[in-house]
Each structure stands twice: as structure tokens, then as C-alpha cells.
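Note: hydrogens, waters and symmetry copies are ignored here, and every other heavy atom, side chains too, is used.
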Amino acid sequence: MEMTTAVAATTWEHGRFDARDGPHKLLFGRMYEDAAIEGNAFRLGGRVFCIASAGCTAMKLTPHHEVVAVDINPVQLAYVEHRLNGGSSRAGTAERILAFARALGPLTGWWPSRVRAFLDLNNPVEQMVYWRRDLDTRRFRAALDLLFSAPTLRSIYASSFLHFLPPNLGAVMRRRMERCFASLPNRTNPYARALFLGEMPNERLPPEVKNIRLMHADAATFLESEPVGSFDGFTLSNILDGASVAYEQRLFAAVKRAAAPGAVVVLRSFRDPPSMLPANHAAEDRAMIWGVVDVRPAIEL
Ligand SMILES: C[S@@+](CC[C@H](N)C(=O)[O-])C[C@H]1O[C@@H](n2cnc3c(N)ncnc32)[C@H](O)[C@@H]1O
């Protein structure tokens, strides 16, 4: 693992969801971003900049790309290094929050056997019939509204992670789930199993993981130090959810500078998409939770 001194204006640098002082934490034990989006967007053999997070996207891309994986949170990066060396997956804060929500499932009709039967379905029409009949219950809707209500979110997250979120987030998340169930088969959706059953990745690592370059750094700072035109792809996770406008401008300038001709950027967000966003691939992302999965040429940032 290499290191640069990170200078950043982003809440993510604290390595915590809350606003308290304290040690950095492992926030993500796995990723909730469908790396097939990046796999389709990036030129084969190209050099790719990844946000490391839990390492899943870097691991998926490495057989066909030269991957540099960067994270501002040293705990998260050490976890990725552990996974790349064959270590097992572990729950982070996100997985603990999801486990708490799942434990309440039976109160809303979400018995584990019922959820498993749903996730075994392979046909979106049948999925929607099952969803409406057995899972989208009044109690489920009330529980989701409570889970995504402002007081609950404020008890978990710093305000800089919340101000951009759409109102009625419970209803918004339900619509994002339905968008996925109505169009993509559950049986081949590992992200649905992660969200609703808590399954952690245990796939065999491709041998190329040994080639992934891991860097503890802020994304913008790191890219500013890389050669001009040296990356063909950038996958930026949702790092701008929690960053200032000034940081966004700095990051976009750093990406454009480091972008090779034809380079493509993938950027996710929990925000509702702006009305004109032609490149939004959120509906194709099997992780289903995103409002924006923006895939566009770097020069258009
Ligand atoms: C943005 S978070 C979101 C997690 C993600 N949606 C997932 O499913 O894994 C992913 C990672 O980005 C890292 N991160 C956030 N801002 C960053 C920045 N400016 N530079 C480098 N890493 C950053 C966080 O530390 C975290 O490990």
C-alpha cells in the first residue's frame, strides 16, 4: 500500500458516518455498486482509477484492466489489502445497519423463507406479482419510511451526508427497488442477495488481483499528481455525496487532466437525478439503490 498526504474538503475523510470525533472505521464490508456498469463502460485493457471502498469493483475489473484503487480511509484500504491477500470479508458499519433493518423484517411480513423464495425468482413479471402480494405490505412501507426518516438518518449520519437526499426517501427507495424487480431477474442478482439476505462476497479472487495498486489518498489529490492523460476510466463511487461544491470542481478538474482521450467516468449518487441526465444508468445497476449512475466521457464533466 502506498501513501500520499491527503488534503481534502470532504466528510469522507473522517472515516465515519457520524459527525463525532473518533477513530476511522470500516464502513463497507462489501460494495453496493454493480461493477458490470464499469465493465461495459471501460475500454478493455485500459488503465482505470477506482475508489477502493471494500475492493469489489477493483477485483472485478482487474482481469481486463490495469487498476489503481484509492481510498481516503486507511481502515477501508487496509481491509481491501487483507481481502486481496485472500482474507475473508467482514461486516462494516453499513452491513451492521442493514443487519439491524433485516432483523425487523419478520415484523413486516419479511420472513427469511419468503425473502429467499422471492430472490430465487427469475422472471420480472412474476417478481412484481410476488412483491405486491407478499412483500410490499403496509407494515413494510411504514418501516421503510421510519428507517429513512430524517430523525433516524440524523441519528446515524453527519448532516453533510443528508442535505442532498430527496424528501420521502423511504418511498424513493421503494420505487428504486421496484424499478429493479420489474426489469432484472432476482436469481442472478448478487446485489439483491447482499441487501436482503446479508450475503457477503466469497468469490474466488482472479490471479490479477496481485496487480492492483492500492493507494491511501484523497482522490483529487492523487489524480493531480498523476501524469496528464494517463487513465482510460474513472469509477468514483458516490464520493461527491458528502463533499463540497468546491471539492467537486477540484475533482472534476483533476479527472479531466488525468483523462486519456476517450476516457469514461462513472459517478453514482443517492440524489434524485436532475431532469436532464441522458447518461443515467441507475436502472441498470443491479444494486438498485442509486438515483444517479452517470456514465459519460471525462471531457463532458
Ligand atoms: C463513497 S463510499 C460509498 C460506498 C459505496 N457506495 C459502496 O457501495 O461501497 C466508498 C469509499 O469512498 C471513499 N472515499 C470517499 N471520498 C473519497 C475521496 N475524496 N478520496 C478517496 N476516497 C474517498 C470512502 O472512504 C469509502 O471507503
salt_bridge(R268, E38) N-O dist < 4.0 Å = yes
request  = Measure up the H65 and F42 rings against each other and bin them: parallel (under 30°), tilted (30 to 60°), perpendicular (over 60°).
outcome  = perpendicular
key: Residue pair L267 / F234, side-chain heavy-atom distance below 4.5 Å   = no
ask   = Hey, are D272 and R176 close enough for a salt bridge, meaning a charged N less than 4.0 Å from a carboxylate O?
value = yes
query = What is the distance from atom CZ of F49 to atom CZ of R213, rounded to the nearest 0.5 Å?
reply = 10.5 Å
ask   = Can E224 and R250 be counted as an ion pair, charged N to O under 4.0 angstrom?
value = yes
message = Is there a side-chain contact (heavy atoms from CB on, under 4.5 Å) between N211 and E66? Walk through the geometry before answering.
response = CA-CA 7 Å; N211 302 329; E66 179 189 338; over 6 Å; no
request  = For a side chain to side chain donor-acceptor pair (under 3.5 Å) with R286, tell me which candidate from D34, N189, T188, N186 qualifies.
outcome  = D34
query = Would a hydrophobic clustering, with Ile, Leu, Val, Met, Phe, Trp and Tyr connected at side-chain separations under 4.5 Å, put W290 with V264?
reply = yes
ask   = Yes or no on side-chain contact (heavy atoms from CB on, under 4.5 Å) for V75 and K25, after CA distance, side-chain angles and deciding distance?
value = CA-CA 6 Å; V75 177; K25 292 187 169 187; 5.8 Å; no
ask   = Is it true that the NZ or CZ of R133 lies under 6.0 Å from the centre of Y130's six-membered ring and within 45 degrees of the ring axis?
value = yes
key: Partners meeting ring pair (Phe, Tyr, Trp, His ring centres under 6.0 Å) with Y157 (sequence neighbours left out)   = F17
task = Report yes or no: do I156 and F161 belong to one cluster of Ile/Leu/Val/Met/Phe/Trp/Tyr joined by side chain heavy-atom distances under 4.5 Å?
result = yes
key: Carboxylate-amine/guanidinium proximity below 4.0 Å for D145 and R174   = yes
task = Measure from the side-chain N and O atoms of D71 to the backbone N and O of Q76, and report whether any donor-acceptor pair falls under 3.5 Å.
result = no
inquiry  = Within the structure provided, determine whether E178 and D136 are in side-chain contact (heavy-atom separation under 4.5 Å).
reply    = yes
request  = Take L165 and L153, measure what side-chain contact (heavy atoms from CB on, under 4.5 Å) needs, and give me the verdict at the end.
outcome  = CA-CA 11 Å; L165 291 174; L153 292 174; 4.2 Å; yes
key: Derivation of the side-chain contact (heavy atoms from CB on, under 4.5 Å) call for L84 and L214   = CA-CA 10 Å; L84 296 186; L214 289 182; 4.0 Å; yes
Acceptor/donor pairs from residues 109-121 side chains to any protein atom, 3.5 angstrom cut, sequence neighbours excluded:
{"residue": "W110", "atom": "NE1", "partner": "L135", "partner atom": "O", "Å": "2.8"}
{"residue": "R114", "atom": "NH1", "partner": "G109", "partner atom": "O", "Å": "3.0"}

ask   = What about L184 and L195, same hydrophobic cluster or not, with Ile/Leu/Val/Met/Phe/Trp/Tyr joined at side-chain heavy-atom distances under 4.5 Å?
value = no
query = Do Y191 and D285 come close enough that some side-chain heavy atom pair is under 4.5 Å?
reply = no
key: side-chain contact (heavy atoms from CB on, under 4.5 Å), paired with F148, selected from T152, L146, L144   = L144
message = According to side-chain hydrogen bond (donor to acceptor under 3.5 Å, both in side chains), who are the partners of T108, at least two apart in sequence or on a separate chain?
response = none
